[in-house]
Amino acid sequence: MDKISLEPVTLRHAEDIQRLASDPLIVETTALPSPYPANGARTWIEELLEPRRKNGQEFAYAVKREDGMFLGVCGFNRVPVDKARVEIGYWIGVPYWGKGYATEACRQALNLAFSTMGFQSLYAPILARNKASQRVLEKLGFRHIRTYPNTVYAKWPKEEVLVEYALSRDEWVVLHTEHHQHP
Ligand SMILES: CC(C)(COP(=O)(O)OP(=O)(O)OC[C@H]1O[C@@H](n2cnc3c(N)ncnc32)[C@H](O)[C@@H]1OP(=O)(O)O)[C@@H](O)C(=O)NCCC(=O)NCCS
C-alpha cells in the first residue's frame with residue numbers, strides 16, 4: 001500500500017480538484033454539482049470552504065500520495081456546534097480507484113475526527129447503488145443505520161435510494177484497541 005497523507009485543502013489544490021472532479025464519474029455519486037462547473041474548485045474553496053472552515057463548519061483535506069500526487073478529497077461537512085454528529089465525505093480521482101486510497105484516507109480522517117477534533121460520531125448518506133463507497137466505510141467499521149428514499153439531495157430524484165452509515169467515537173475506540181491487540 002502506498003503511503004498517503006491528508007493536508008488541508010487550499011487554493012494550491014484548486015487545479016487538481018478541478019481536473020479530477022470534472023470527471024462525470026465523480027459528480028455522478030457525490031453531492032458535487034453536476035456537471036462540475038468551470039472554476040468550480042476555486043469557487044468552492046474561496047466562497048464556501050474557507051468561510052465555513054473559519055466557522056468550524058467544514059473541513060476538507062487533499063489526499064496526497066508520498067510522491068506528491070494529488071489523489072482526491074476527504075473531509076467533514078455540516079459540523080454542528082456540539083460536534084455530536086458530523087458528515088464525512090470523500091472522492092478519489094478515477095485513475096486511482098481500487099488501490100485502497102479512499103479507505104486509507106478515511107482511516108486517517110477518522111483518527112483526526114476522533115482524536116484531534118473532538119467529534120462524537122460520523123455519518124454518511126450514500127447512494128444505495130454506490131457499492132464501492134459502502135465497502136470503504138464497512139471496512140472501517142461503520143454500521144448500516146437505515147435505508148430511505150432520497151429527500152436529502154436536490155440533484156437526484158426521490159426514487160434514488162440512500163443508505164446511511166455511521167460510526168461513533170466509542171465504537172472507533174473499541175475497534176482501534178482491538179486492531180492494536182490483534183494485528
Ligand atoms: C467510492 C470511492 C471513494 C472509492 O475509492 P477507492 O480508492 O477506489 O476505494 P478503496 O480502493 O479504498 O476501496 C474500494 C472497495 O470497494 C470495492 N468495490 C469497488 N467496486 C465495487 C462494486 N461495484 N461492488 C462492490 N464493491 C466494490 C473494492 O473491491 C474495495 O473493497 P476491497 O478492498 O474489499 O476489495 C471512489 O470510487 C470514488 O471516488 N467514487 C466517486 C465519488 C464517490 O462516490 N464518493 C463517495 C460518495 S458517498
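First listed ligand is number 1; within each ligand, the first listed atom is number 1. Heavy atoms only: backbone and side chains are in, while hydrogens, waters and symmetry mates are out.
- Of all the heavy atoms of Val136, the ones lying under 4.0 Å from any atom of ligand 1 belong exclusively to the side chain.
- In terms of protein heavy-atom proximity, atom 39 (O) of ligand 1 is nearest to Ile92 N, 2.8 Å.
- Nearest approach of Lys155 to Leu32, heavy atoms of both residues: NZ-O, 2.5 Å.
- Residue, atom and distance of the protein heavy atom nearest to atom 6 (P) of ligand 1 are Ala102 CB, 3.6 Å.
- The shortest separation from a heavy atom of Ala124 to ligand 1 is not under 4.0 Å, leaving the residue out of contact.
- At a heavy-atom distance under 4.0 Å, no atom of Leu127 approaches ligand 1.
- In terms of protein heavy-atom proximity, atom 46 (C) of ligand 1 is closest to Tyr90 O, 3.2 Å.
- There is a protein heavy atom less than 4.0 angstrom from atom 19 (C) of ligand 1.
- Neither the backbone nor the side chain of Glu28 comes within contact range of ligand 1; no heavy atom lies under 4.0 Å.
- A salt bridge is defined here as a Lys NZ or Arg NE, NH1 or NH2 lying under 4.0 Å from an Asp or Glu carboxylate O, and Glu46 with Arg42 meets this definition.
- Looking from atom 11 (O) of ligand 1 to the surrounding protein, the closest heavy atom is Gly100 N, 2.8 Å.
- In this structure, atom 23 (N) of ligand 1 lies nearest to the protein heavy atom Lys131 CB, 4.2 Å.
- Using a distance-only test at 3.5 Å, with no hydrogens or angles considered, a donor-acceptor pair links the side chain of Gln18 to the main chain of Ala41.
- Counting only heavy atoms of the protein, atom 27 (C) of ligand 1 lies nearest to Ala132 CA, 3.9 Å.
- Applying the salt bridge (charged side-chain N to carboxylate O under 4.0 Å, His left out) criterion to Glu171, with sequence neighbours excluded, gives Arg143.
- Each of the atoms 39 (O), 42 (C) of ligand 1 lies under 4.0 Å from some heavy atom of Trp91.
- Proximity of Thr29 to ligand 1, defined as any heavy-atom pair under 4.0 Å, is shared by backbone and side chain alike.
- Residue contact check: Leu25 has heavy atoms under 4.0 Å from atoms 41 (C) of ligand 1.
- The presence of a protein heavy atom under 4.0 Å from atom 35 (O) of ligand 1 is ruled out.
- Distance from atom 28 (C) of ligand 1 to its nearest protein heavy atom, with residue and atom name: Arg135 CG, 4.6 Å.
- Annotation: atom 33 (O) of ligand 1 to nearest protein heavy atom, Lys139 NZ, 2.7 Å.
- The closest donor-acceptor contact from the side chain of Thr147 to the backbone of Val163 lies at 3.5 Å or more, if one exists at all.
- A salt bridge links Arg146 with Glu164: the closest approach of a Lys/Arg side-chain nitrogen to an acidic carboxylate oxygen falls below 4.0 angstrom.
- Residue contacts with ligand 1: Tyr96 is placed with no nitrogen or oxygen under 3.5 Å of a nitrogen or oxygen of the ligand (distance criterion only).
- Heavy-atom minimum distance, Ala109 versus Leu6: N-CD1, 3.8 Å.
- The nearest pair of heavy atoms linking Val86 to Pro80 is CG2-CD, 4.0 Å.
- Of the possible donor and acceptor atoms, one in the side chain of Arg53 sits under 3.5 Å from a partner among the backbone N and O of Val9.
- Gln134 and Glu138 are not linked by any side-chain donor-acceptor pair at a separation below 3.5 angstrom, with hydrogens and angles left out of the test.
- Near Gly98, meaning under 4.0 Å from one of its heavy atoms, ligand 1 places the atoms 6 (P), 8 (O), 11 (O).
- The contact set between ligand 1 and Thr103, taken as ligand atoms under 4.0 Å from a residue heavy atom, comprises 10 (P), 12 (O), 13 (O).
- For the residue pair Thr103 / Lys139, a side-chain donor-acceptor distance below 3.5 Å is found, with atom types taken as modelled.
- Cluster annotation: Met69 is connected to Tyr90 through the hydrophobic network of ILVMFWY side chains, with a link wherever side-chain heavy atoms come within less than 4.5 Å.
- Residues Ile17 and Tyr36 form a side-chain contact, since some pair of their non-hydrogen atoms from C-beta on lies under 4.5 Å apart.
- Within ligand 1, counting atoms from 1 as listed, the ones closer than 4.0 Å to a heavy atom of Lys99 are 11 (O).
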